[in-house]
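Have a look at the structure below before the remarks.
All figures in this text were calculated on a predicted structure; none of them were measured in a lab.
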Amino acid sequence: MFGRIREDIQCVFERDPAARNTFEVLTTYPGLHAVVLHRFTHALWTHHLKWLARLLSNLGRWVTGIEIHPGAQIGRRFFIDHGMGVVIGETAEIGDDCTLYHGVTLGGTTWQKGKRHPTLANDVVVGAGAKVLGPITLAEGVRVGSNAVVVKDVPAGATVVGIPGRVVTKVESGGEPGPEDERRKAFAARIGFDAYGTTQDMPDPVANAINCMLDHIHAMDQQMETMCHSLKTLGMEEEVELPDLGACEISARDLKQADEFAASAESAEEPDKSEKS
């Protein structure tokens with residue numbers, strides 16, 4: 001048991017740059033307190049001292065703000081960062097080297113007895129406010145984005161975001177983007193769109209939708225060039241120069257003009273309202 005506690009302390013230094021020394025971690029980290037207490041209450045639970053285990057667990061919840069049912073099975077080097085509002089249900093199973101942030105719920109979706117809480121494999125990270133619900137499995141290396149709601153199994157190495165949770169892909173660490181990624185990036189730069197790079201490090205369904213729009217615009221651009229070339233071969237030499245798309249930025253002067261326009265529009269509407277009344 002003391003070996004497990006030493007591992008729990010060491011993993012705090014590995015995953016929290018704010019940790020300065022062992023005394024500070026032992027005295028000021030509620031996530032560590034909750035995990036250490038759970039290891040004791042889980043031992044009581046497995047030895048059929050269930051009322052005492054629940055009582056101590058409830059006291060731990062009151063002190064730390066973290067609720068871990070004594071029946072939950074938790075692996076080695078488990079870290080709860082900040083911790084307030086974390087709830088882990090009775091039949092939850094958590095592997096080694098997992099990390100949860102504040103507000104995470106590993107909950108159930110049924111009142112029936114039996115396995116009703118999630119299973120987290122090794123090296124799973126669940127972001128702040130995320131809800132993982134039901135007897136589902138998050139395979140090894142899964143990342144769950146903040147405030148996501150996960151209700152289905154997630155394959156190994158995947159990232160889940162959104163409500164309901166959706167699996168999104170990203171360029172692997174150290175990997176090279178494919179030709180489709182390079183084409184999208186080049187076309188986005190050509191039209192003055194500079195937010196494409198967010199999808200490489202922070203996968204997002206919105207960014208994926210933008211990528212689909214870029215693909216569609218690129219296809220339309222190619223088709224338009226083909227049509228213009230065909231018209232030239234038929235003897236139509238007239239060309240229409242398209243203006244460049246400048247940076248789509250809104251200056252302070254533009255905002256001021258917009259406010260003045262809105263104020264003038266409101267003042268023009270007021271006499272009409274008085275006449276109708």
Is there a side-chain contact between P135 and K115, using heavy atoms and a 4.5 Å cut-off? yes
Would you name the heavy atoms of G107 and P118 that are closest together and state the gap between them? O-CD, 3.5 Å
Taken to the nearest 0.5 Å, the spacing of N122 CG from D97 CG works out to 6.5 Å
With a 4.5 Å heavy-atom cut-off, do I136 and L138 have their side chains touching? yes
May I ask you to test the F78-I80 pair for a side-chain heavy-atom distance under 4.5 Å? yes
NE2 on H102 to CE on M84, rounded to 0.5 Å: 10.5 Å
Do T64 and L37 make a side-chain contact, defined as non-hydrogen atoms from C-beta onward lying under 4.5 Å apart? no
My understanding is that only residues two or more places apart in sequence, or in another chain, count here; which of them pass ring pair (Phe, Tyr, Trp, His ring centres under 6.0 Å) with H33? none
Closest non-hydrogen atom pair between A130 and G145, with its separation: CB-O, 3.7 Å
Identify whether the distance between the nearest side-chain nitrogen and carboxylate oxygen of D123 and R77 falls below 4.0 Å. no
Scan residues 43-69 for pairs that pass salt bridge (charged side-chain N to carboxylate O under 4.0 Å, His left out), counting only residues two or more places apart or in two chains. R61-E67
Under 4.5 Å between any side-chain heavy atoms of V132 and T105, yes or no? no
Determine whether L56 and V63 fall in the same hydrophobic cluster, where Ile, Leu, Val, Met, Phe, Trp and Tyr are linked whenever their side-chain heavy atoms lie under 4.5 Å apart. no
Step by step, would you call L106 with I88 a side chain to side chain contact (heavy atoms under 4.5 Å, CB included)? CA-CA 5 Å; L106 304 183; I88 300 175; 4.2 Å; yes
Between V151 and I163, is there a shared hydrophobic cluster once you connect ILVMFWY residues whose side-chain heavy atoms come closer than 4.5 Å? yes
Flag side-chain contact, heavy atom, 4.5 Å: T41 against I68: no
Hey, any chance V142 and V125 share a hydrophobic cluster, counting ILVMFWY side chains that come within less than 4.5 Å of each other, even indirectly? no
Does the side chain of L100 reach to within under 4.5 Å of the side chain of L120, using non-hydrogen atoms? yes
Counting distance only, does the side-chain N/O of T46 pair as donor-acceptor with the main-chain N or O of H42 below 3.5 Å? yes
Can any side-chain N or O of H69 pair as donor or acceptor with the backbone N or O of G71 at less than 3.5 Å? yes
Do V149 and V161 share a hydrophobic cluster (ILVMFWY, side-chain heavy atoms under 4.5 Å, transitive)? no
Tell me the closest heavy-atom pair linking P30 and H82, and the distance in Å. CG-O, 3.5 Å
Nearest heavy-atom contact between A156 and A139 is N-CB, 3.3 Å
Answer yes or no: is there a side-chain heavy-atom contact under 4.5 Å between H38 and I74? yes
Between the CH2 atom in W45 and the OG atom in S57, the distance rounded to the nearest 0.5 Å is 9.0 Å
When you measure from the side chain of R143 to the backbone N and O of G141, does any donor-acceptor pair fall under 3.5 Å? yes
Residue pair G89 / A72: nearest heavy atoms and the distance that separates them: O-CB, 3.4 Å
Would you please test V126 and Y101 for side chain to side chain contact (heavy atoms under 4.5 Å, CB included) and show each step? CA-CA 6 Å; V126 184; Y101 288 86; over 6 Å; no
When the side chains of residues 17-27 are checked against the rest of the protein, which donor-acceptor pairs come out under 3.5 Å, sequence neighbours left out?
residue: R20; atom: NE; partner: E24; partner atom: OE2; Å: 2.9
residue: R20; atom: NH2; partner: E24; partner atom: OE2; Å: 2.8
residue: N21; atom: OD1; partner: F23; partner atom: N; Å: 3.3
residue: N21; atom: OD1; partner: E24; partner atom: N; Å: 2.7
residue: E24; atom: OE1; partner: R20; partner atom: N; Å: 3.2
residue: T27; atom: OG1; partner: F23; partner atom: O; Å: 2.7
residue: T27; atom: OG1; partner: E24; partner atom: O; Å: 3.4

Could you tell me which residues satisfy salt bridge (charged side-chain N to carboxylate O under 4.0 Å, His left out) with D96, sequence neighbours excluded, listed by chain and number? none
Across all chains, not counting sequence neighbours, the salt bridge (charged side-chain N to carboxylate O under 4.0 Å, His left out) partners of D8 are R39
Consider only side-chain N and O atoms of D16 and Y29, and report whether a donor and an acceptor are under 3.5 Å apart. yes
State whether the side chain of T110 and the backbone N or O of Q112 hold a donor-acceptor pair below 3.5 Å, judged by distance alone. yes
Taking all heavy atoms of P70 and all of A53, pick out the closest pair and write down the distance. CG-O, 3.6 Å
SG on C11 to CZ on R6, rounded to 0.5 Å: 14.0 Å
With H117 via ring pair (Phe, Tyr, Trp, His ring centres under 6.0 Å) - residues at least two apart: none
Verify whether one side chain among T109 and R116 offers a donor that lies under 3.5 Å from an acceptor in the other. no
Is there a path of hydrophobic side-chain contacts, each under 4.5 Å between heavy atoms of I/L/V/M/F/W/Y residues, joining L49 to F40? yes
